[in-house]
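Here is the structure we will look at, set down as structure tokens.
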Protein chains: 2
Amino acid sequence: MTIILQNAMSETANRDRAGELPVARLTGTDAALREYATPVRVRRRQRLALDQPTPDTVYIVRSGLLGIEAAIAGKPRQLLELFYPGDIIRRANMPPLPHATLTALNVSEVWRLPARGFEALLTANADQNASMQRRLGEQHARASLHASIIGALSGDERFASLLIELGLRIGLRGAAGIGIDNPLSRTDIADYLALNPDTLSRITSRFRARGLLIHLGSGQILLPNWEELCAASPIAATLQALHTPTLG
Amino acid sequence: MTIILQNAMSETANRDRAGELPVARLTGTDAALREYATPVRVRRRQRLALDQPTPDTVYIVRSGLLGIEAAIAGKPRQLLELFYPGDIIRRANMPPLPHATLTALNVSEVWRLPARGFEALLTANADQNASMQRRLGEQHARASLHASIIGALSGDERFASLLIELGLRIGLRGAAGIGIDNPLSRTDIADYLALNPDTLSRITSRFRARGLLIHLGSGQILLPNWEELCAASPIAATLQALHTPTLG
DNA sequence: CGTTTCGTTGATAGTACTCAAGTGGTGTGG
DNA sequence: CCACACCACTTGAGTACTATCAACGAAACG
């Protein structure tokens, strides 16, 4: 099965994807951005400084997968938000919760900008400004949807929604289904979906029994039945809209 | 008690507040904004068009209190986000969920701008751009915190957090405690906190028994013990940071 | 003054959490 | 090569919390 995945043609091969090599092609606006930015490569589980709100560094994801962690006093750790290539990360957009850290969930490359440079870039270039605005709006929509998922969906539905999101973002279409490489750890998923790790384990067992999920080992999973997986989440259409790259 | 509230001096009287008269004083940036904007007055429960994502109208709250509602298929209605004076509302920042509507939760005034006018405003004025960016960032932080609240806190803690938020935003400090005028309906609160209305009723009963909440009738409530209320929420400090107006 | 709507409360059921024991894979040392 | 420890994960039993359903009470409205 793994071989099938590796050789499979992906329908989404023309866009950035977590876990792949950093994109080399630069658009015009990317080149302008590059002048202000410092490229930073991070390994898996590496943390990026996010504690001090005053300097307010801006990160722009080039490749890989990152996440914001935080913990409310006396409560288990939470994974607040996931960041994909193109996303903009800054402390001021996150709630001032204790132990808020930006962590690379996979090997990633980000561009680091001082807040002043970011602001200067936006005011200098109207197109750049509009595209950043649009991207921040998408991220806001995703954050709001995440609250909706946690508040309204059952555990099974939450997990199905995450699998759909990951499939759309970093999935590779193969003959046996959609393969996902290097996903989040079980603890990460539990923290993201506001579930207990034990409960999540029960859910994954149910999904395997239903034929929705196959564990391939070493962090590789396979989604053999995309149709039925989408049927298991009441927001499959919304996820499709938010996690498919806009062509414009 | 009502009289006490009406005559009470408020420590926060110098800022916009829901339920009061629209602010009349315009700063320089406000005046620039005003050229592009159409003022719209809405009564309680009035809905504003938000369905079509293409024209993407931008609303800026001048006074009052509004909220975004949505419903996932087969699930109860949700109140995704609350908007206070100064907030920026646009469809593109919200997830594409069915039945998404913008509703005035109190008598309010908003400024309506076409998306093009909003963009033009931002590119024309760097200060305006920076301040809008900052505001959108705050709103993002609040949306993210809301997910955190729903995901990690118990029903009692969620309700305490909402009372603190409302107290900070629209509360009037009186001799008997902090009074709040015209709050959300019971259903609104339940939909916002991702709780069942019946469960919420039990929680309010507990809060009254604990001396944290007094119902005054006709939508007026009183928080007699702010200290203890803050102790009932693990994120009181975070709420304070996000819902106190920045002096800059 | 009836009707309607909203809010409260009790009994019951469902779901997820907690704690604990068990399983499987991996790496290390004998 | 095997024994062992270690870790992540799984699974079972009991518990806590919230949802559901139904009945009741109170306030608003015509």
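Every chain is numbered from 1, with letters handed out A, B, ... down the list of sequences.
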Filtered N/O pairs between nucleotides 8-13 of chain C and protein, under 3.5 Å:
residue	atom	partner	partner atom	Å
dT8(C)	OP1	R208(B)	NH2	2.9
dT8(C)	OP2	S201(B)	OG	3.0
dT8(C)	O5'	S201(B)	OG	3.1
dT9(C)	OP2	S205(B)	OG	2.4
dG10(C)	N7	R202(B)	NH1	3.0
dG10(C)	O6	R202(B)	NH2	2.9
dA11(C)	N6	R202(B)	NH2	3.3

In whole angstroms, how far is the C1' atom of dC9(D) from the CG atom of N196(A)? 13 Å
Check whether the side chains of Q78(B) and D191(B) place a donor and an acceptor atom closer than 3.5 Å, and report yes or no. no
Give, for atom CG of L162(A) and atom CG of L200(A), the distance between the pair rounded to the nearest 0.5 Å. 9.0 Å
Can you find a side-chain donor-acceptor pair between H140(B) and E81(A) that sits under 3.5 Å? yes
Scan S185(A) against the nucleic acid and name what it touches under 4.0 Å (heavy atoms): base, sugar-phosphate only, or nothing. nothing
Give the C-alpha distance, both sets of side-chain angles, the deciding distance and a yes or no for side chain to side chain contact (heavy atoms under 4.5 Å, CB included) between E228(B) and W226(B). CA-CA 6 Å; E228(B) 206 165 321; W226(B) 183 256; over 6 Å; no
Just how far is it from atom CD of E165(A) to atom NE2 of H243(A), taken to the nearest 0.5 Å? 3.5 Å
Would you indicate what A194(B) reaches in the nucleic acid, counting non-hydrogen atoms under 4.0 angstrom: base, sugar-phosphate, or nothing? sugar-phosphate
Give the rounded distance in Å between these two atoms: CZ of F159(A) and C1' of dT15(C). 18 Å
Report the distance from atom CG of L213(A) to atom C1' of dC9(D), rounded to the nearest whole Å. 14 Å
Can you tell me the distance, in whole Å, between the CG atom of D191(B) and the P atom of dG7(C)? 11 Å
L195(B) CG - dC17(D) P separation (whole Å): 14 Å
Could you give the CG-to-P distance, from L153(A) to dT15(C), as a whole number of Å? 14 Å
Check this for me, if you would: do D188(B) and R77(B) make a salt bridge, where the nitrogen-to-carboxylate-oxygen distance has to be below 4.0 angstrom? yes
Can any side-chain N or O of R44(A) pair as donor or acceptor with the backbone N or O of V107(A) at less than 3.5 Å? no
The side chain of S154(B) is closest to which nucleotide in this list: dA16(C), dC17(C), dT18(D)? dT18(D)
Tell me: CZ of R206(A) to P of dT10(D), nearest whole Å? 13 Å
Atom CD1 of I189(A) and atom C1' of dC9(D) are separated, to the nearest Å, by 12 Å
